[in-house]
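The structure appears below as structure tokens.
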4 protein chains.
Amino acid sequence: MHRQVRTTPRKRPRQQRSKDTVDTILEATARVLVKLGFDGLTTNAVATAAGVSIGSLYQYFPNKEALVSALIERHVEQMNGAVLAELSRVATLPMQEATRCVIELTIRAHAVDPALHRVLTEQVPRVGKLAKLRELDEICHRMVAGLLAARKHELAIRDPDLAAFLLVSTIESIVHRAALLYPDRLRDPRLIDEATLLVTRYLGVAPN
Amino acid sequence: MHRQVRTTPRKRPRQQRSKDTVDTILEATARVLVKLGFDGLTTNAVATAAGVSIGSLYQYFPNKEALVSALIERHVEQMNGAVLAELSRVATLPMQEATRCVIELTIRAHAVDPALHRVLTEQVPRVGKLAKLRELDEICHRMVAGLLAARKHELAIRDPDLAAFLLVSTIESIVHRAALLYPDRLRDPRLIDEATLLVTRYLGVAPN
Amino acid sequence: MHRQVRTTPRKRPRQQRSKDTVDTILEATARVLVKLGFDGLTTNAVATAAGVSIGSLYQYFPNKEALVSALIERHVEQMNGAVLAELSRVATLPMQEATRCVIELTIRAHAVDPALHRVLTEQVPRVGKLAKLRELDEICHRMVAGLLAARKHELAIRDPDLAAFLLVSTIESIVHRAALLYPDRLRDPRLIDEATLLVTRYLGVAPN
Amino acid sequence: MHRQVRTTPRKRPRQQRSKDTVDTILEATARVLVKLGFDGLTTNAVATAAGVSIGSLYQYFPNKEALVSALIERHVEQMNGAVLAELSRVATLPMQEATRCVIELTIRAHAVDPALHRVLTEQVPRVGKLAKLRELDEICHRMVAGLLAARKHELAIRDPDLAAFLLVSTIESIVHRAALLYPDRLRDPRLIDEATLLVTRYLGVAPN
DNA sequence: GATGAATGAGTCTTCATTCAT
DNA sequence: GATGAATGAAGACTCATTCAT
């Protein structure tokens, strides 16, 4: 879009104290982001919220983008872990059950820090690091595609990749939209049932 | 999130001359938004792009947000027209055909000014006009729900409202994501076929 | 202080209609001035308040200063009339009575449009026309000096001019300050009594 | 009159360096105010005059009014000291002498930085710090009232409070007006003599 | 390393004034 | 003459970033 700036951390924290400072700053970033939105996110606000001098902040992050970038990275990594583990665990379950598990997983993922997740999803595209956010998507997409390909014989689909694209989009969007518009629905088992139905019928593995 | 600013236009243009000015400004806003993103959108940049003095801009828009706000409103209105008309036209078609039409319609809607659509979708939360943008969603949701309810007897669903929520989310997200990540896929008939399959299988009206 | 601009009206209104317009504008100026202070006084605000187009305003007043200038002139003229007439009427009365009359007159003058008077007095110095405001002072000063000189034999003063300066300052300031700080006192006869006492004792014409 | 803005300083200077900066800025404010008047007082002009970046100015003063506000406060405090001390010192002197001292004191107070005093007096209403400026008045009023009450037996007055109001108004206005219109007169002992006469005759303590 | 004072480019926004209709 | 759309210089204010202490 415009000027692209370096976003790699200026230096790796070696001592524990530095590591703590970095964490403190990132948590402050998250708090400010949630509270004031991307527009309210000023380096000074973050420094203050972190109880750190602005100079110290710049000791660890070369600029504002790097701040957000690191936060996203951390957020994505946190999600990644859980999601990927679950995704492979599920690979051997009966299809219908697997589907349900993935959906529930997605819901849980959205429940970790919904406010932050939301701000990050909605307001962050501007940072060049939006790519980072999509990484998870990409990985999920490929894993699901692999999963479908492996069990293609029991499924009513032609192109596992295309199907994976559809399903990842679908599940992610249903959960995301529910989280956004009707947070209560996320607790409603009927939503999960119905979403499971949508997927399993498409795959030709619905019960009845 | 934070301070909400007035975004209502400052004064209604009366003469034709000023109507033109407003249009010029809005089009410039769209151009700048697409080219520079929300952060590159400065009132001066818009004025310049519109070939209008900054003063003129402020005659009609009290601030930056009002600019985007008006743009969204216009964009939504433009979409509304096409979508709603098509949605009711489709009501009497065989279910499978109707589904396909709606999907194609959604794709067409996204193809109008994809770049603008994208930036608007992504940056809208920051202007507080989310509500406005969701309006279309809401209407679609309700129309689809009505449509499903009317033909419930031929469908394999229990709750038309819940189903409508799922389907609108699904279609919108598939198209949106495709537009975002793989614009080429939007031209691929296989995507449409597959999405239609996803929906019709869920509804229990798939051919075979 | 800085740039000095022409403040003479651009053209004399010939027709009655024009005269009305000018009046309307001046009254609007007064209203805006009272309501929003000098800083809120914008030419557009005045035009709107007057129900006149900004273009028309500039037909009669070459710039903003001219507006205020004309208003002051009008205000001063209105005061002048009353004050001067009374001042000469009083010349033949017994000194003590004359004093009382002048004080009451001053109070009345301050009561005409106190809000406007206040704004004009407090906020207007900036206009080059503050001189205009002092004109009244000057005239009063000279008239009082003349009055004192004419009756010097019955008074305990040496220098009528100096005495006049003192007395005009004194009366004006007492009334002005009372109007500003304790408007109620203006209705209190004790204030008038006491001020009269102050003056007459100084002049050596107090009763007892 | 209209919107009242926060005028409290933005942050207390902690280091000596910043204390200096604040002082420099205030002095520049005074200079600019005297030279260009309230309208010429732009934050940029002050910053430039202070040899400080505009950013630094805003570190300490949230806006333009805060600048003037602080200046007034400082000015009033400076005056307060001198005036109050003198006023109590004078309490035991013979009435006539006391009067003369107070008048001379007032003249001296006006002579400290006459240009600044003038502009402050004239433009203060626009900053909303009128209250602050009146504080001194108020205090003087009460001190003089006390002084008169204490020595009521030797004076020809009934109501010490009312008399104090008259006298404070009178002296202040005579000096103020002289300073404004005829600065030379302030050096003229005859003015002091005559003003003393005005007061002492009123109080019934004039010599002959 | 930490601190926070200082910097100033960059924005938004207002308003007196002009001028085409 | 009247209208009000257009102009743009000018000014307030923010905030990412640097650097002396």
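All chains are named by letter (A, B, ...) in the order of the sequence lines, taking the proteins before the strands, and each is independently numbered beginning at 1.
Put simply, the side chain of A:Thr29 does not reach to within 4.5 Å of the side chain of A:Arg74, judged on heavy atoms. C:Thr21 is listed as a side-chain neighbour of C:Tyr60, based on a closest heavy-atom distance under 4.5 Å. A heavy-atom distance below 4.5 Å is not found between the side chains of B:Val76 and B:Leu120. Taking the side chain as every heavy atom from C-beta outward, C:Leu71 and C:Leu116 approach each other to under 4.5 Å.
Annotation for D:Val46 and D:Leu57: closest pair CG1-CD1, 3.8 Å, computed over non-hydrogen atoms.
B:His75 is linked by a ring pair (Phe, Tyr, Trp, His ring centres under 6.0 Å) to B:His117, counting only residues two or more places apart in sequence or in another chain.
Counting to the nearest Å, the C1' atom of F:dC15 and the CD atom of A:Glu65 are 13 Å from each other. In this entry the distance linking CG of B:Leu67 with C1' of E:dT11 reads 14 Å, nearest Å. Separating the CG atom of D:Asn63 from the C1' atom of F:dA12 is a distance of 9 Å, rounded to the nearest angstrom. Rounded to whole Å, atom C1' of E:dA6 lies 15 Å from atom CZ of D:Phe61. Going from atom OH of C:Tyr60 over to atom C1' of E:dA16 covers 20 Å, rounded to whole Å.
For F:dA6, the OP1/OP2 oxygens have a side-chain nitrogen or oxygen of B:Thr21 closer than 4.0 Å. Phosphate contact (OP1/OP2 of F:dT14, side-chain N/O of D:Tyr58, threshold under 4.0 Å): absent.
With A:Lys35 contributing its side chain and A:Ala30 its backbone, the two residues share no donor-acceptor pair below 3.5 Å.
Mapping D:Leu57 and B:Ala45 onto DNA chain E via the closest heavy atom, the residue that lands nearer the 5' end is D:Leu57.
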Is there a side chain to side chain contact (heavy atoms under 4.5 Å, CB included) between C:Thr42 and C:Val32 once you walk through the steps? CA-CA 9 Å; C:Thr42 70; C:Val32 173; over 6 Å; no
Checking D:Val22 against D:Phe61 for the side chain to side chain contact (heavy atoms under 4.5 Å, CB included) test, could you report, in this order, the C-alpha distance in whole Å, the side-chain angles of both residues, the deciding distance, and whether it holds? CA-CA 9 Å; D:Val22 168; D:Phe61 301 93; 4.1 Å; yes
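Paired runs in DNA chain E that reach 3 or more consecutive Watson-Crick or G-U pairs, where each pair keeps both distances under 3.5 Å, cover E:2-21 with F:2-21.
Contact of B:Gln59 with F:dA6 (side chain to base): a donor-acceptor pair of N or O atoms is detected under 3.5 Å.
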Between the protein and nucleotides 8-11 of chain F, which nitrogen or oxygen pairs are less than 3.5 angstrom apart?
{"from": "F:dG8", "atom 1": "N7", "to": "B:Gly55", "atom 2": "N", "distance (Å)": "3.3"}

